[in-house]
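A, B, ... follow the sequence lines: proteins, then strands. Residue 1 opens every chain. Basis for what follows: all heavy atoms, side chains included, without hydrogens, waters or symmetry-related copies.
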Amino acid sequence: MDDQPRLMHSSHGVGMAGHPGLAQHMQDGTGGADDEGRKQDIGNILQQIMTITDQSLDEAQARKHALNCHRMKPALFNVLCEIKEKTVLSIRGAQEEEPPDAQLMRLDNMLLAEGVSGPEKGGGSAAAAAAAAAAGGVGSDNSAEHSDYRAKLSQIRQIYHTELEKYEQACNEFTTHVMNLLREQSRTRPISPKEIERMVSIIHRKFSSIQMQLKQSTCEAVMILRSRFLDARRNFNKQATEILNEYFYSHLSNPYPSEEAKEELAKKCSITVSQVSNWFGNKRIRYKKNIGKFQEEANMYAARTAANATSVSTHGSQANSPSTPNSAGGYSSPCYQSDRRIQ
DNA sequence: GGATATGATTTCCG
DNA sequence: CGGAAATCATATCC
């Protein structure tokens, strides 16, 4: 308990001038017990620690410089580096080589295929080509349908590229910063060039994993876009439904297209035959379920086909035309119900 | 968020 | 097997 003040006191007395530690201990050859000397040692060390912040910056720099210029320094540095490498690096040196990540490659390939990465769109971009190919190139409204798609896609591409660039820049900045830092520190710590290299590769790996997230989300966005516009998953395009409706209402009395008719419709609408079948199946049942709801539509198509028929040839097809006698005027409850071919 | 539209799928029947 | 009917799945609108 009462050691403390004394120790402090004594150390105060000695520590004043310069750096007394070792020399003083030796020279003073232990006039008393061992523990007395040890106490003094500890006192000195404590004192040095306490006063370390009192050193001026210049003094510290000077000492650092002196250390750096010491003739044994390079050798010592090498030895320390070696030891460090043996103990630390070998532990996790095994998992150095990573395979070129299948996931990342998949993403890259997809982005390339969709025209997000790769060459900037110059007339015949990969995206445009892919879009044209996917659509079968029959409908005349292709370009109109896909211009929206392309606009959105190029938006995505732009965002992707700016983000990517940002990441790259940040990565480079950070890398050079760390490298400078490590190089600076290698003057006082055993940091070998190899270690710096490793650090850089670690940083790159981290950043590329971030980039992968960017790629992932870009892929998702593109997929959503595709499913919206290209994959024909949802509604057929306007023209197709128009063609189908035209057929349906002009064959209202017997809305069962033959196999050939289905094929033709399929070709015209650039959909499959089974899709045509589905469409007619749905249409028939839904029309029957409430005719009232389709009244307007029926009138419209009836009028249209009637107009078409009259403009093309005045008579002829009138026999099996649905709008038979009273044409555009009172097209109330269509022949469907009375005809009841459906059931 | 429910209502509605619409294409696809499933189930049942003749 | 082709079609009717029910049902599912999803998009779109308010």
Using OP1 and OP2 only, check whether a side-chain N or O of [X] sits under 4.0 Å from [N].
X: A/Lys288; N: C/dA5; answer: yes
X: A/Asn282; N: B/dT6; answer: no
X: A/Lys293; N: B/dT4; answer: no
X: A/Gln275; N: B/dG7; answer: no
X: A/Arg286; N: B/dA5; answer: no
X: A/Lys289; N: C/dA4; answer: no

Looking at [X] and [Y], does any basic side-chain N land under 4.0 Å from a carboxylate oxygen?
X: A/Glu195; Y: A/Arg189; value: no
X: A/Glu163; Y: A/Lys166; value: yes
X: A/Glu246; Y: A/Lys268; value: no

**Request:** Determine whether any donor atom in the side chain of A/Asn235 lies under 3.5 Å from an acceptor atom in the base of C/dA11, or the reverse, and answer yes or no.
**Result:**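 Looking at the base of C/dA11, it does not pair with any donor or acceptor on the side chain of A/Asn235 (distance under 3.5 Å).
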
Specify the separation, in whole Å, of atom [atom1] of [X] and atom [atom2] of [N].
X: A/Ile285; N: B/dT9; atom1: CD1; atom2: P; result: 18 Å
X: A/Phe280; N: B/dT9; atom1: CZ; atom2: P; result: 18 Å
X: A/Tyr256; N: C/dG3; atom1: OH; atom2: C1'; result: 7 Å
X: A/Glu260; N: C/dG2; atom1: CD; atom2: P; result: 13 Å
X: A/Trp279; N: C/dA4; atom1: CH2; atom2: C1'; result: 16 Å
X: A/Asn278; N: C/dC8; atom1: CG; atom2: P; result: 17 Å
X: A/Asn237; N: C/dA11; atom1: CG; atom2: C1'; result: 16 Å
X: A/Lys283; N: B/dA5; atom1: NZ; atom2: C1'; result: 11 Å

**Prompt:** Contact class for A/Lys262 vs. all strands (heavy atom < 4.0 Å): base, sugar-phosphate, or nothing?
**Reply:**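 Sugar-phosphate: the residue A/Lys262, judged by heavy atoms under 4.0 Å, touches backbone atoms but no base.
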
Show me the donor-acceptor pairs within less than 3.5 Å that the side chains of residues 170-180 of chain A make with the rest of the protein, sequence neighbours left out.
| residue | atom | partner | partner atom | Å |
| --- | --- | --- | --- | --- |
| A/Thr175 | OG1 | A/Cys171 | O | 2.6 |
| A/Thr176 | OG1 | A/Asn172 | O | 3.0 |
| A/Thr176 | OG1 | A/Glu173 | O | 2.8 |
| A/Asn180 | ND2 | A/Thr176 | O | 3.4 |

**Asked** With A/Glu260, which residues qualify under side-chain contact (heavy atoms from CB on, under 4.5 Å), at least two apart?
**Response**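 Scan of A/Glu260 (side-chain contact (heavy atoms from CB on, under 4.5 Å), adjacent residues dropped) gives A/Ser258.
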
